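Report on the following structure.
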Number of protein chains: 2
Amino acid sequence: MKQGTRKQQIVNVAARLFKERGYSAVTMRDIATAMGIKASSLYNHISSKQDILTNIIIFLAEEFTNGMEAIRVSNISNIEKLNQIIELHVNITIQNTFEMASLNNDWMHLEERLEYYLKLRDDYEDNFREIIVEGMSNNEIVNGNPEVMLFSILSTLRSLYLWIPKKEDLKPEELSKNLINVLINGVKA
Amino acid sequence: MKQGTRKQQIVNVAARLFKERGYSAVTMRDIATAMGIKASSLYNHISSKQDILTNIIIFLAEEFTNGMEAIRVSNISNIEKLNQIIELHVNITIQNTFEMASLNNDWMHLEERLEYYLKLRDDYEDNFREIIVEGMSNNEIVNGNPEVMLFSILSTLRSLYLWIPKKEDLKPEELSKNLINVLINGVKA
DNA sequence: AATTTTAACTAACACTTGTTAGTTTTAATT
DNA sequence: AATTAAAACTAACAAGTGTTAGTTAAAATT
């Protein structure tokens, strides 16, 4: 066995295919073929296609929730909190590039756990927003529209999975440093 | 007729569904039902499901290509070019919110026109990169990693379709202004 | 009013979908 | 060596897929 339980292997292989084609376009037979087995054999390890997706997305969503909570309660400046959020995204994305695609693009295909996922996402955004608003009233962050700041930064962080694989030469710390520079300080000289 | 040819109506309705569920999860029967007709009737106006997707994506990709070309040849500073790129994205996205979802998430399901689309996208990114690199050697843009700047800005602009519908109160010019502020100048006080 | 065009319809096709049932093989444990 | 557990298999199903053929109704044009 390469790594993890057989179920985990299936989830990993599925995540790769989901990233390439999207959840709906990937069939159980596709996943099975990629594993070198028959589609029906998958059901010895997972209970449904939906089960695979749920595993991918909920795991990641909770990972972000936990990371955010640690940042939220820590006793540091709001700018420093932003830095840590950026690092959080870089680290999680580097270790879950395939899975991040499902989180971003296939969450709407969740069924039983959709509501729970949306709750986690909303709370995450609320915490993020709170940091920006606090930082603004502190004069750590420049005056402006907090919504635009929030979604501008978050959009970049959520898209990391798309180009991290294409820039393998860039080390995690290097990437975080560069991102912090651009997102916090902008690009103008 | 509400607007445009019958084909255009179908493409518009399909785009809305594609945004909600993704291309693969939307069936011809879904599109037909949303139009109030039967699936087979769609084929009086379009030649295939693929045809619908191609119409959506290639139209938009060319829209961006044309906009970028106008900016590229114009005689303005590189920072000003960045501003105009931001406005370009805001304007196109406001008028094609649904379609932007397909452009971002379903381009891989293009068949005959996939290569052409990828060419347009690559050229677009090349032009964008060139502006950043030139701006940097001009000292208009701060020294740093141009790739990180490129994908950071572009990620935000490409995600606009996700939150523009949620912030209807924000006027286009207001939005562009705010975005330029954040993307060009950062958030730090 | 007659005719052409546009756009809908019904019916069906060949194929693919996720999934289940039951069985056999391989591997691990006693 | 005997037994149990894990993981593969074959075969099949019911539902859904994009699409075609042929036909009828409505609208526009002559």
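Remember, predicted model here, so these are calculated numbers, not experimental data. Here is how names work: the chains are called A, B, and so on, in the same order as the sequence lines, proteins then strands, and each is numbered from 1.
At distances below 3.5 Å, at least one donor-acceptor pair connects side-chain atoms of T93(A) with backbone N or O atoms of H89(A). Under the 3.5 Å distance criterion, the side-chain polar atoms of N185(A) are left unmatched by any main-chain donor or acceptor of I180(A).
If you measure from atom NZ of K38(B) to atom P of dA26(D), you get 16 Å, rounded to the nearest angstrom. Note: CD (Q9(A)) to C1' (dA7(D)) measures 12 Å, nearest angstrom. For R6(B) and dA27(D), the CZ to C1' distance is 13 Å, given to the nearest whole Å. At whole-Å resolution of the value, CG in L53(B) and P in dG18(D) are 13 Å apart. Between I31(B) atom CD1 and dT19(D) atom C1' there is a gap of 13 Å when expressed in whole angstrom units. Between M35(A) atom CE and dC9(D) atom P the separation is 11 Å, expressed in whole Å. The separation between I10(B) atom CD1 and dG18(D) atom P is 14 Å, rounded to whole Å.
Checking the phosphate oxygens (OP1, OP2) of dG18(C), a side-chain nitrogen or oxygen of K49(A) falls inside 4.0 Å.
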Take Y161(B) and E99(B) through the test side-chain contact (heavy atoms from CB on, under 4.5 Å) and record every step on the way to the result.
CA-CA 9 Å; Y161(B) 77 98; E99(B) 290 79 357; over 6 Å; no
Any chance you could lay out the side-chain contact (heavy atoms from CB on, under 4.5 Å) test for T54(A) and F59(A), step after step, and finish with the verdict?
CA-CA 8 Å; T54(A) 303; F59(A) 166 78; over 6 Å; no
Determine whether I10(A) and M35(A) satisfy the following criterion, side-chain contact (heavy atoms from CB on, under 4.5 Å), listing intermediate values before the conclusion.
CA-CA 7 Å; I10(A) 292 173; M35(A) 295 282 304; 3.7 Å; yes
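Residues S155(A) and S155(B) have side chains that never bring a donor and an acceptor to within less than 3.5 angstrom of each other. With hydrogens and angles left out, the side-chain atoms of N145(A) and E147(A) include no donor and acceptor closer than 3.5 Å. Judged purely by distance below 3.5 Å, without hydrogens or angles, the side chains of Y116(B) and E62(B) pair a donor atom with an acceptor atom.
In terms of polar N and O atoms assigned as donor or acceptor, the side chain of R29(A) comes within less than 3.5 Å of the base of dG18(C) in a complementary pairing.
D123(B) is listed as a side-chain neighbour of K119(B), based on a closest heavy-atom distance under 4.5 Å.
Closest approach to the M28(B) side chain among dC9(D), dG18(D), dC9(C) is made by dG18(D) (side chain taken as heavy atoms from C-beta onward).
Within residues 39-48 of chain A, the residues approaching DNA chain D are S40(A), S41(A), N44(A), H45(A), by heavy-atom distance under 4.0 Å. Of the residues in residues 108-115 of chain B, none lies under 4.0 Å from DNA chain C by heavy-atom distance.
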